[in-house]
Amino acid sequence: MSKLAVILLTLLGIGGCQHQASLTHIAPAETSVSQPSPASMQLQQLIDQDWQLKLARYPYLAERQGVANAAARLVDMSSTALADYQAQQLAMLNALNNLDSASLSHQDKINAQILTYQLQDSTDMYRFGDHYMPITAEGGFHTSISQISDITISNEADAQAYFARLNALPTYFKQQTLWLQQGLALGITPPRVTLKGIEDTVSAYQVDVNESTYYQPFTQLPASMPAEQQAQLQQQAQQLIQDKVLPLYDDFYWFLTEQYLPQTRTSIAASDMPDGVEFYENRIKHYTTLNMTSEQVHQLGLLEVARIRAEMQAVIEELAFQGSFDDFLHFLRTDPQFYAKTPQELLKHAAYIAKQADAVLPKYFATLPRTPYGIKEVPAQIAPKYTTGRYSGASNDTEAGYYWVNTYALDKRPLYEMEALTLHEAVPGHHLQIALNQEQADLPNFRRYSYISAFGEGWGLYAEYLGIEAGFYQDPYSNFGRLTYEMWRAVRLVVDTGLHMQGWSRQQAIDYMASNTALSLHNVTTEIDRYISWPGQAVSYKIGELTIKRLRQQAQYALGDKFDIRQFHDAVLINGSVPLSILEQQVKAYIERVNQA
C-alpha cells in the first residue's frame with residue numbers, strides 16, 4: 001500500500017470503502033453458535049468502543065461510514081484532543097491485556113491480538129512524540145489535507161459541508177504548526193537533509209485560486225444544478241479559498257523556510273533523538289511483528305544481499321555483457337532504450353503489464369475481489385520527492401482502487417522494473433490483497449480497514465516472486481529488474497539499521513544501495529531519505545516476504561501432491577492483514593485440514 005497512504009490514514013483518518021459483498025471462497029475460520037464467554041463479550045465491547053472512538057476522532061473515516069455531519073469536520077489536532085484520545089486508547093489496551101484470553105474463540109484471539117497491536121502502536125507513537133513531526137521527506141499534513149478536495153459536489157449540502165472544512169483549515173494548520181514548533185524545542189524533528197526541497201511541496205499550492213486543488217470540485221458541478229446556483233457556489237468557493245486557504249500556504253512556506261528548516265536536527269539517526277534507541281527497537285518489533293532486534297535484521301540483510309547479488313551476476317553473464325557489475329548498472333541507468341519518452345508511454349506500458357497480470361489470476365487464486373482498479377499518475381504536487389509507484393485503495397463502493405505510477409523524471413523510471421512494480425502495487429499484490437481484505441464483511445471493521453506492513457508489503461514482494469511462475473520476466477533485463485527490486489528490499493534491512501543504529505552516514509547508505517541495485521540515483525536518494533525520516537518501516541517488506549515464502553515451502557513439503565496453490569493463497573489471505581505469528585498459525589491449520597481431508 002502505499003506508504004504515504006499509511007501516513008494519511010494515521011494523520012487524516014481516511015478509511016477504506018465499506019463493501020457489502022462477502023467473499024465467495026474465503027470464509028470465516030469458524031462459526032460458533034455457543035454462548036460467548038464473558039471474556040468474549042468484554043472483547044466485543046472493546047472492539048465496539050475502539051471503532052466508535054475512531055469514528056469520533058477521524059471525520060474522514062466517519063464520512064465513509066455514513067456518519068452524519070462528518071463531511072463538514074476536520075480532525076482535531078489540539079493537544080487536549082490528542083491527549084484524551086490517547087488516554088482512552090491506553091485504557092482499552094490495559095483492558096485487553098487483562099482479558100482471559102484462554103477462554104476466547106480462535107477468531108476472538110485473532111481479534112484481540114490485532115486490536116492490541118493497533119492500540120500498542122498508537123500509544124507507543126504518542127509516547128515517542130510522533131505528533132511533533134507531521135512532515136516527512138515525501139510531504140506532510142499540508143499535502144495530505146488537500147485530499148479533502150477529492151470529492152464530487154452534487155448539491156447545496158455537499159458544498160456547504162466542504163465550505164465548513166475549508167473554514168476549519170486555519171485552525172488545523174495552526175495546530176500542526178504548533179506541534180512543529182514544540183518539536184523543535186524538544187529536538188524531535190526529521191533530519192534536515194531529508195527535508196531538502198520540502199518547500200516545493202508547499203509552493204505547489206501557491207497558485208491562482210482557479211488553479212487551486214481546493215477549487216477543483218467546483219469545476220465539475222452537475223448539469224442538473226441551476227446555472228445561477230452554480231455561479232453563486234463558485235463565487236463563494238473562490239472567495240473562501242482566496243481569503244482563507246491560499247494565505248495558509250504562504251504563511252506555512254515562510255515558517256518552513258525561515259524558522260523550521262534552519263533549526264531542524266543535523267543528525268540522521270533515530271537513536272540520536274530523545275529515547276531514540278528504545279524508539280528504534282520498538283519500531284523494528286512493530287514493523288516486523290516479530291521479536292527481532294535491529295542487529296538480527298542487519299545480519300539477515302547482509303546474507304540476503306550476498307545471495308541476490310550472485311543471482312544478478314548470473315543474469316549479467318547470461319547477457320554476455322562485457323564489463324563489471326558497476327559497468328552494467330551504469331549501462332542500465334543511462335541507455336535510452338530502457339526509458340519511456342512520454343508520461344503516456346510509461347502509463348500505457350504499466351497498463352499493458354497490469355492486464356497481462358489480470359489474465360493469470362484465476363490460475364493462482366480461487367477468490368478474486370469485486371473491486372476493480374485503475375492506473376494514474378502520482379499527483380504533480382508530490383511527484384518530485386515521491387517513490388516510483390504506490391497503490392491507493394478505493395474509498396467507497398462506487399470507486400476503484402488505483403495503481404499510481406510516478407511519471408516525474410522519466411529518465412529515472414526504467415521500463416525493465418515495471419513488471420515487478422506492477423505485480424507488487426496492482427495484482428496479484430496490493431490491490432488484490434487490500435480489496436479482498438475490505439470485502440470481508442464478516443471481519444470487524446477495525447480489521448477490514450487496517451494494514452499491517454509486514455503482511456501487506458511481504459505479500460507485495462511475494463507477488464513479484466509469483467510472477468516467475470506466472471510467466472513474467474522472460475526478458476533478461478526485466479528479470480534483472482525483478483532481482484534489483486528484491487535486492488532493493490534486502491538492502492533496506494542493511495541501510496535502515498545501519499543509518500539508525502550503527503552510525504552510517506547518509507552518503508554511505510546511498511553508496512551501498514547504488515552499488516547493489518540498478519535503481520536510478522534519483523530513486524536511491526529519494527529512498528534513503530525516506531528511510532531516514534520513517535525509521536524501521538522499510539524492514540517490514542523483506543521480513544514479510546521471507547516468511548510467506550518459507551510457509552509456502554513448508555506447505556508444499558507437508559502436503560506433496562495435495563498442495564494446491566489456490567488453496568494456499570486463500571489460507572494466507574483468509575483473515576485479512578495479520579501479524580506474521582498469526583499467519584504462521586493460519587498456514588499450519590491449512591496443512592492440518594488438507595492432511596485430514
Side-chain angles (χ1 to χ4, degrees), residues 1-12 121-122 124-126 128-144 179-180 183 188-198 201 264-265 267-273 275-289 294 297-298 301 378 382 384-391 406 430 451-454 456-458 460-461 488-489 491-502 504 506 509-510 513 519 523-544:
M1 161 191 259
S2 103
K3 284 43 85 183
L4 182 57
V6 177
I7 292 176
L8 299 182
L9 284 170
T10 302
L11 294 180
L12 299 181
D121 179 55
S122 180
D124 284 345
M125 291 303 279
Y126 181 73
F128 287 118
D130 181 64
H131 49 291
Y132 294 115
M133 296 185 293
I135 60 173
T136 71
E138 292 184 334
F141 76 90
H142 59 289
T143 57
S144 56
W179 287 125
L180 290 170
I188 304 177
T189 74
R192 186 180 307 169
V193 68
T194 67
L195 298 177
K196 183 179 180 181
I198 190 70
T201 68
T264 50
R265 64 187 175 100
S267 64
I268 59 175
S271 57
D272 291 336
M273 291 194 295
D275 301 317
V277 172
E278 181 188 359
F279 165 67
Y280 188 71
E281 294 292 355
N282 174 279
R283 293 297 84 196
I284 290 293
K285 287 179 172 58
H286 170 73
Y287 283 118
T288 64
T289 72
S294 61
V297 170
H298 189 82
V378 170
I382 59 176
K385 292 178 69 64
Y386 205 68
T387 193
T388 303
R390 289 262 171 89
Y391 174 70
N406 198 335
H430 287 325
Y451 187 81
I452 295 177
S453 189
E457 298 304 340
L461 267 66
W488 173 21
R489 281 50 169 266
V491 165
R492 287 174 172 180
L493 302 180
V494 180
V495 299
D496 199 288
T497 51
L499 286 162
H500 293 295
M501 291 294 286
Q502 301 194 15
W504 281 36
R506 176 174 177 265
I510 290 173
M513 179 170 279
L519 296 175
N523 283 345
V524 167
T525 302
T526 298
E527 287 297 314
I528 293 300
D529 285 346
R530 172 188 156 199
Y531 310 152
I532 294 173
S533 64
W534 197 356
Q537 190 272 345
V539 310
S540 60
Y541 296 66
K542 195 65 178 167
I543 302 298

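All residue numbers refer to positions in the sequence shown, counting from 1. Keep in mind it's a predicted model, so treat the numbers as computed, not measured.
- Smallest separation of non-hydrogen atoms from V494 and G301: CG2-C, 3.5 Å.
- Salt bridge status for R390 with E138: present, with a side-chain N to carboxylate O gap under 4.0 Å.
- Residues D272 and S267 approach most closely at OD2-CB, 3.2 Å, considering heavy atoms.
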### Message
What verdict does the side chain to side chain contact (heavy atoms under 4.5 Å, CB included) test give for Q537 and R530, after you've listed the backbone C-alpha separation in whole Å, the side-chain angles of each residue and the deciding distance to 0.1 Å?
### Response
CA-CA 9 Å; Q537 190 272 345; R530 172 188 156 199; 2.9 Å; yes
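- A donor atom on one side chain and an acceptor atom on the other are found under 3.5 Å apart for T201 and H142.
- Smallest separation of non-hydrogen atoms from H131 and Y126: CE1-O, 3.4 Å.
- Summarising the geometry, atom CG belonging to L195 is positioned 8.0 Å from atom OG1 belonging to T136; distances are rounded to the nearest 0.5 Å.
- Proximity of a side-chain donor or acceptor of R192 to a complementary backbone N or O of R265 within less than 3.5 Å is not detected.
- Rounding to the nearest 0.5 angstrom, the gap separating the CD1 atom in I382 from the OH atom in Y386 is 5.0 Å.
- The shortest non-hydrogen separation linking T264 to P190 is CB-O, 3.8 Å.
- Going from atom CH2 of W179 over to atom CD1 of I135 covers 15.5 Å, rounded to the nearest 0.5 Å.
- With a 6.0 Å cutoff to the six-membered ring centre and a 45° limit on the axis angle, R492 does not count as a cation-pi contact of Y531.
- Between the side chains of E281 and S294, at least one donor N or O lies within less than 3.5 Å of an accepting N or O.
- Residues passing the side-chain hydrogen bond (donor to acceptor under 3.5 Å, both in side chains) test with Y280, sequence neighbours excluded: D496.
- Considering only heavy atoms from C-beta on, D121 comes within 4.5 Å of R283 through its side chain.
- Here the straight-line distance linking atom OG1 of T189 with atom CE of M273 works out to 8.0 Å at 0.5 Å rounding.
- Taking a cutoff of 4.0 Å between a charged side-chain nitrogen and a carboxylate oxygen, D529 and K196 do not qualify as a salt bridge.
- The ring pair (Phe, Tyr, Trp, His ring centres under 6.0 Å) test applied to W504 returns Y512, not counting sequence neighbours.
- Residue I528 holds its CD1 atom at 11.0 Å from OG of S533, rounded to the nearest 0.5 Å.
- Between H430 and Y391, the ring planes are tilted. Angles from 30° to 60° get that label.
- Listed for the R489 side chain is no donor-acceptor partner under 3.5 Å among the backbone atoms of L493.
- For the pair Y541/Y287, no side-chain contact is recorded, criterion being any heavy-atom separation below 4.5 Å from C-beta on.
- Side-chain contact check for N406 versus T387: every heavy-atom pair is 4.5 Å or farther apart.
- Among residues two or more places apart in sequence or in another chain, the side-chain hydrogen bond (donor to acceptor under 3.5 Å, both in side chains) test is passed with S540 by S453.
- When all heavy atoms are compared, the tightest approach of L180 to F141 is CD1-CE2, 4.1 Å.
- When side chains are defined from C-beta on, R506 counts as touching T525, because their heavy atoms get closer than 4.5 Å.
- Put simply, the side chain of N282 never gets that close to the backbone of D124: no donor and acceptor are under 3.5 Å apart.
- Between I188 and G129 the shortest heavy-atom distance is CG2-O, 3.8 Å.
- Atoms CD1 and NE2, from I284 and H500 in turn, are 9.0 Å apart once rounded to the nearest 0.5 Å.
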